[in-house]
Every structure is written in C-alpha cells, then in structure tokens.
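Here the structure is laid out as structure tokens; the discussion comes afterwards.
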Number of protein chains: 4
Amino acid sequence: MSRAARDPQAAVAGAEPEPVAAERRGRPRSAAADSAIIEAVLRLIENGASMGELSMEGIAREAGVGKATVYRRWSGKDALMLDVMRSLDAPLPPLDGDSVRDDLVSLLEFLRRRGLAKRDSALLRTVVSHVQAHPELWEEYHRSVVRARNEALLAVLRRGMATGEIRTDRPVDTLADLFVGPMLARAFLHRWKDLPEGLAEDIVDTVLDGVRPRPRAAAG
Amino acid sequence: MSRAARDPQAAVAGAEPEPVAAERRGRPRSAAADSAIIEAVLRLIENGASMGELSMEGIAREAGVGKATVYRRWSGKDALMLDVMRSLDAPLPPLDGDSVRDDLVSLLEFLRRRGLAKRDSALLRTVVSHVQAHPELWEEYHRSVVRARNEALLAVLRRGMATGEIRTDRPVDTLADLFVGPMLARAFLHRWKDLPEGLAEDIVDTVLDGVRPRPRAAAG
Amino acid sequence: MSRAARDPQAAVAGAEPEPVAAERRGRPRSAAADSAIIEAVLRLIENGASMGELSMEGIAREAGVGKATVYRRWSGKDALMLDVMRSLDAPLPPLDGDSVRDDLVSLLEFLRRRGLAKRDSALLRTVVSHVQAHPELWEEYHRSVVRARNEALLAVLRRGMATGEIRTDRPVDTLADLFVGPMLARAFLHRWKDLPEGLAEDIVDTVLDGVRPRPRAAAG
Amino acid sequence: MSRAARDPQAAVAGAEPEPVAAERRGRPRSAAADSAIIEAVLRLIENGASMGELSMEGIAREAGVGKATVYRRWSGKDALMLDVMRSLDAPLPPLDGDSVRDDLVSLLEFLRRRGLAKRDSALLRTVVSHVQAHPELWEEYHRSVVRARNEALLAVLRRGMATGEIRTDRPVDTLADLFVGPMLARAFLHRWKDLPEGLAEDIVDTVLDGVRPRPRAAAG
DNA sequence: CCGTAAGCGAGACGGTACGTCCAGTCTTCTG
DNA sequence: CAGAAGACTGGACGTACCGTCTCGCTTACGG
C-alpha cells in the first residue's frame, strides 16, 4: 500500500515530506489494519456494492475493525477511496522499444489491461465515478496517477517528433489525446465491456495512418 | 420535460406504451411541481452540491415541495437524475454538409458545446459520475442519449466510406471512437477546463490525416 | 403520562401555558410511541439497568422506535428521565382527617408506599440518583413533585398550630423536616430495603411526643 | 489518601490484608500518580463536571497520567469514586460530653459541616448520586462510612437510655433516624443550600421535646 | 354543483450511517 | 518492570436522510 495511507493529511495534500524523526510514542499503528481496510473495500465493491452502499460503517465491519481505526487513518470516504485507487496502480511498462509506434502500443496495451480491463471494471467504474464527482479528489487523482501516464506518452511522442516518426505541426498534447481518447471512449461509452485483444495496435496504427484512405496501397 | 417524468417506471424501463385511458380521477399532478423539482436539482448542483450532498430531502426543501410529491413522480434519486440529464439534452445538429469532414466537425462541435463545455461542466460531471456508478442507469442513459449521437456519427462515417472519403479497411465503430475519444479525453482527463474554440476542427483534421508526417505537403 | 412528555420544552421549563391553537401541520405525533418509550425505560430499569447502562440507543431499541422519535420528544436523557419520574407520580391522599396526627400518618404512609416502597425501589434509586446529580434536573423535579408534597405537609402543620395540636415556637418548615426526614433516612441510609408496615404511625407518634421520656404516662 | 487506593481489589472488597512482602520488583508505583488522579477528579467535579461527563479518559488527561496507570490502581470508575469519597472523610468528633443531648448536637453538627455543608456540596452530590445508583457501591460506602457514624449515634442513644435521658419504649435505631433524618431532609430536599448555623441544636432539642405543645412552660 | 378521489405541503414514522467520543485493553518506547 | 503515550475493538452519542405513512387541506373531474 502507498505510504500515504499512513498519513491522512498527505493523502489529500499529495506532498509527503516525511516528518523524519517525529517523536514516535505510544503504540504504533497496526499495519494489518491498514490492509484489512483496503481489502474490505475491494471485497465489498467486487460483491456489487455501489458507492452509495459503501458505508464507512460497513467497511469497518467487513474489515473487523473499529470505526475509529478507519478514521484515524483517513479523514473520510474520499481520502480512503484515493488510496484504494492507488492500491490498484501498476508501474508503467518500459518504453524503450525500437520504434515510437511500438512504445505507443505498449502504453495503450498497458491502459487496456490495467485500468480498463474487465476484472477491475466494476471496481474502477465505482471508484472512478466517485472520484470524478469531487473536484478535489479528481485533482489529486490526476496529480498522482493520470499525470505520470500522460507524461510518459508525451515523452514518447516528443521522441517521435525528433526522429521524424511523428508530425510536428500540431501541439504534442493534442496528439496525445488522439491515442488515449479512443481507448477511453471504448471503456466509457460502450458499456464497459472488456476491451478486445488487438485494440491497442489497432488504435495506434489507425491514428498514425489517419482515417482518410491512403493515397497509395499501403503506408510503407 | 420528458413525459417519462410522469411515469417513474418508464423512466428506467425506457419503453412507455401509455396506459391509454387509465381512469384519470382526482386532482391532476401539478406541472409546476415537476419543473420546480428539476430546477431545484440544477440549482443545487450549480451551487456546488456534490452527488452525496444532494439529498432527496434537500431537493424537496429547495423546490418547496413535499417529499411525497417527489417520490410520486420518480422512484428514487436515480430515476430523477436520469430525467435531469435528459432535461439538459439538445437536438443533434443537421448533418447534411457538403463533405463528410464538415459533418464530423459539426458533430464534434456539438459535443464540445453541449455536454462538455464549461457552463454545464460541474453539473454534468456530477450527474454523469452518478449515472456511471450504476450500471442500469448507465444502460438507460446510453440508450436514450449516447446511442443517438453514436449512430449519427456512424451514419456520417458510412456515408464517407461510400464516397471514398473514409477508409474502409477498419470497422466503422472503431473509427468512430477515434473522433469522439479525443474530445472525451480533453474533457475528462484534463481538469475539465472548457474546451477551446477550434478543437473540433483540429481533431477531425488530424484524425483524418493521421499523426505520421504526411509524405506530401498536404492531403490534396 | 403527563402531558409534559408531549412538550419537550415544557419538560424542563415547568411552565406549560399551552400554545392553544398552534398550527397543527404534518402528521401528528404518535401517542403510542410516547408510552412505548416511557415503558421501555421502566422495563429496562426493572431488569437491572443502571443509569450508565441506560442508553438512548437501547431505549429506542427496546421501545421498537427510531432514535429520532425519542429525540423529537425529549432533548436528552435528562428530560426523558424527568418525565419517567413524573409518570410514577401518584396523587396525594386526601388530608381532611379528624386530627392533625391522622393526616400526618396518611402523608407519611403515602410516602412509604409511593416513592419509597420496595417495588419501585430499584427504579427510583436509579432515576433519583440521576436526577440528583444534575442541579437543573433536581430543581425541576423539586418544583414539580417535591414542592407539592411539602406544601401539603406544611398546610397540615399550620392547621395543627391553629388547633393547638402543634407547637408554635418553631418555624413550620423546620418541623416539617422532622416528619419527612426519618422516612428519608430509612429509605436512603439503610440499604433501601422495603419499609415496614407501621412505620408511618411510629414516626409520627414519636416525633409528636418527643424522644425524651414523657414525665407522665400520656400527653393528656 | 486511604491506602485502599493502592489496592484496587480491596477498594471494593473492603478488607485490606496487605500482601505483605509480595516480591516488589521493578520500578515502584509513583505515589504522586495516586494523588494526582484523586485530585484530578476533585478538580473536575468542582469545575462543574457531572458524573456522566467525568470520563476516565478525561481524568487521566487532567492528572497527566496514562489511562493504564489509572486502571492499574482501580478496577473502574466505581472503585475510583469510592476512594474519592473516602478521601473526603473526616474523623468523628469525640462523644463524651456531659449530657447525651450535647453529644447528639456534636454529632449532628459534624454531619452538618462535613458531608452536607456548602463547600463540598456539588462534589458530594455528584459522587453520592453515582454511588447510590449502584447497589454494590452503596453497600460498600455504607460499610465504610455510614455504619461508623450510625453506630456512634446508637451508642450515644443507648447511653441515654441507660441514664434515663432517652425513652426506652422505642427501638433505638428508629430513634436514631429521628435525629439524622431531618438533617438529611434539609440537605437533600431543599435545594442543597448550605445548612444554617444553629441547625444541629434546633433539631436535637425539638426532637427530644416533641412537636406537640408541652403541657408545661418548659421541659424542666 | 356537489361528492370524491387524488393531488398538495408538512412532518412523524422506523431505520441506517454519519463522524466523534469514551470504555477498557493492549503494545510500544523510555526511564 | 512501571510509566506515558496512544492504538486497538466496541458501542453510544445526537444529527441527517432514507422511503413510507398519515394529517388536514385544495383542486378538478364526473355523475
């Protein structure tokens, strides 16, 4: 689990400068409780609990933990959900392929599996929708999760611009959305069914080539 | 307001076969109450209420209406929200432009303004996130709002395929996402700030042309 | 039950000038709930609940009533207890006997049975001790219960002074305590076991006669 | 402070046989902690804390002591309160006056000042009411405080019976209540305001003489 | 044009969850 | 080992809503 869970303030603030040698007195927090709580949330959501049905009361009960133990760690459902989401995070894949095209495929394939694939979908849909409804939560989620992904994508595209693989007459962040967006559309708009195998390649190639019929038989 | 508001069952079921001459006796429902309620919801959301803070109790209070009057019309918050969303709907623009490209721009421009532009953003984000969290609500919203837009887009693309403006070696619905997705990405991913003026044209043209540098100066 | 129970403000204020035609809107309070709550308290106390164990939560549960229904009627445990005590009240006996001595016996016999006898003892001890711990509660209990009894006693004594049955060289309220006090001592100091049959007569006669050996056989 | 405070078991059991040479190892208990705790309780009560507001948590905090340190000494609030009461105790006055009448006055004067006088009243009322609500506490308080006083009173009365100063045709304990009771009535029933100077003498003389007008001018 | 059925605002009903506080116990570190 | 600090589970606190249920009206229709 992210260490933010141990520091409710940081969970929302984002910055975590580590109080270093903050006099540690009294009984230390139980690491077992931390994970029991997070896992209780995951279990409840997977059993079909919607956000409104997810009560702190129920979470504590499911985790076999006193309510105070939850509130000692997180200031409320919002902060807890943020850490639940972070607990679902995975490290980005390495992006050092031979071609920019391959890196783009890796990145979209990563998105397809982590984050948008079927297994997590109920869970994600629930948590994401909650986070979206709260500007400050969204802000924080953006900062801690979305931004890293986006910057990786921008880096790849910039590299492509340098090597001549990507056109340079458009702002790079506009181009980035052309790749991420279609994946998003599939996930959000079309019933959230799981995303098919070859989707990442399909999207990357079609966006690279364009939707207009190519003037010649094939692109290279 | 959609007549579904008068028929809570139908609000979710979608089908509304009209109970014909169901003996109408007693005092008829007040049309004023209907709109007072919907507008109370909009007012509350615009004043910063998140979904969790939006209580039926509060809505009734704000609308100056008894709780029972709300429940007489909608089976719960879900059904009410569905009608709130529908009340925000606008008719699609005419899609009979000279070129497929122009129709695509119209469509995306429509999305940019209605649905994703600044004014409604807090409102939409709130309501959409609520709807997303509930599969059956999302299903219904999809049926009554998303589908129409998507089918319009598919029609335009199919026309383009017929006229040779759009490549035919990809499934049409995959192509559709390439246009809608980037708009979605801008709206969802990037802080939900309002979408700039030329965005629709930008997206359409770049997607049509592709992200790879064109072999020639322009796509004739 | 005392009508004060219907009027939480009055429960503490004591004065109940009846708002007369206070606009009665909405569903009226359930009289059944009123008595269910009071009886739940009595039942719990008789089953051995001490004051600390008597939770509003438990009372509501025992009464089969929502917590809000309790709080709607009483502002807290204090006000509720006050009405519980009042519900135990009984009307004073008629004090028009042939002699002042007989009236005093009636009055003390009343105290012996209502208020201090065995059946109510656990109950009374619990409630009284709670009320005593809170000055403002005690004040109110005094006003609504103790005072009436005391004034009845004072009236009897004053009558006795007029008829020459009671000495007049002491303040009447000092004399009053001489009769009530011994009963109190028995009840409070000696384990709260139930008070024996002839106690009232015993006390009255001994206090009238004095503790010093009488110089003659009787006070003729 | 009573040494019972050092032995939580004994605090309730009453008997305190001193574990003699129970192997005393490690850091000895801090005597400062004992008194800090008792004094914290007194301070809190004098500052207006009612029994319900008197939390072990708050007591430990006020005493600058860990909660465990409190629980190591007393089994709970009850046992602690018992020792708080004992800490307020004072030795009985010597009862060897010239006359029984004077000893009775001494005894009642003692009650008037210690136990019922103004300074301690809030404190006493709070603690007494707590003790009263719990049969086993009351039992113990009776054993360790009330009994001694009562037996002193009985001894005086028996002496009076022997010397002919007190009538012998009533059980001695019945007579005892006639003296203690009025003091109790003043303290409990009449607002707990402080008891006037000459009260003890007044009560004793009136009870001795009786309330009926004396047949002769004075009791010789 | 009058009865009546269904509407209306108001608010009480039994419940559940909120976030806080305390009971009593347990666990760490420091003296 | 005792002590302080403070985390632990458990549960009550008083408030706010939930969705349902009366109340005493008002309103429009249909007989």
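Note on naming: letters A, B, ... go to the chains in the order of the sequence lines (proteins, then strands), and numbering restarts at 1 for each one.
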Residues A/Val41, A/Met81; criterion side chain to side chain contact (heavy atoms under 4.5 Å, CB included); working and verdict: CA-CA 9 Å; A/Val41 175; A/Met81 284 308 144; 3.7 Å; yes
Under 4.0 angstrom between D/Thr69 side-chain N/O and F/dA4 OP1 or OP2: yes
Separation of atom CZ in B/Arg73 from atom C1' in E/dG9, rounded to whole Å: 12 Å
Closest contact, heavy atoms only, D/Gly76 versus D/Met56: C-CE, 3.8 Å
Under the salt bridge (charged side-chain N to carboxylate O under 4.0 Å, His left out) rule, collect the residues that match up with D/Glu53, sequence neighbours excluded. none
Which atom pair, heavy atoms only, marks the closest approach of B/Ser55 to B/Gly58? OG-N, 2.8 Å
Distance check needed: E/dC18 C1' versus B/Glu57 CD, whole Å only. 15 Å
Could you tell me how far apart B/Lys67 (NZ) and F/dC23 (P) are, to the nearest whole angstrom? 17 Å
C/Lys77 and C/Met51 have their tightest heavy-atom pair at NZ-O, 3.6 Å
At under 4.0 Å between heavy atoms, what does D/Gly58 touch on the DNA or RNA strands: base, sugar-phosphate, or nothing? nothing
Would you call B/Arg29-B/Asp34 a salt bridge at under 4.0 Å N-O? no
Which whole-number value in Å describes the distance from B/Asp78 CG to F/dG19 C1'? 13 Å
Rounded to whole Å, the OH-P distance (C/Tyr71 to E/dT16) equals 17 Å
Using a cut-off of 4.0 Å on non-hydrogen atoms, how would the nucleic acid contact of A/Gly76 be classed: base, sugar-phosphate, or nothing? nothing
Can you check whether C/Arg61 has a side-chain N or O nearer than 4.0 Å to OP1 or OP2 of F/dA12? yes
Starting at atom CZ of C/Arg72, determine the distance to atom P of E/dC13, rounded to an integer number of angstrom. 5 Å
Please determine if a side-chain N or O atom of B/Arg29 lies less than 4.0 Å away from the OP1 or OP2 oxygen of F/dT27. no
B/Met56 CE to F/dA16 C1', straight-line distance once rounded to whole Å: 15 Å
First encountered from the 5' end of DNA chain F, between B/Glu53 and A/Val65: A/Val65
Between the protein and nucleotides 27-29 of chain E, which nitrogen or oxygen pairs come in under 3.5 angstrom?
residue : atom : partner : partner atom : Å
E/dT27  : O4'  : A/Arg27 : NE           : 3.4

Of all the heavy-atom pairs spanning D/Ala33 and D/Thr69, show the shortest one and how long it is. CB-CG2, 4.1 Å
Value in whole Å for how far the C1' atom of E/dG9 lies from CD1 of B/Ile59: 17 Å
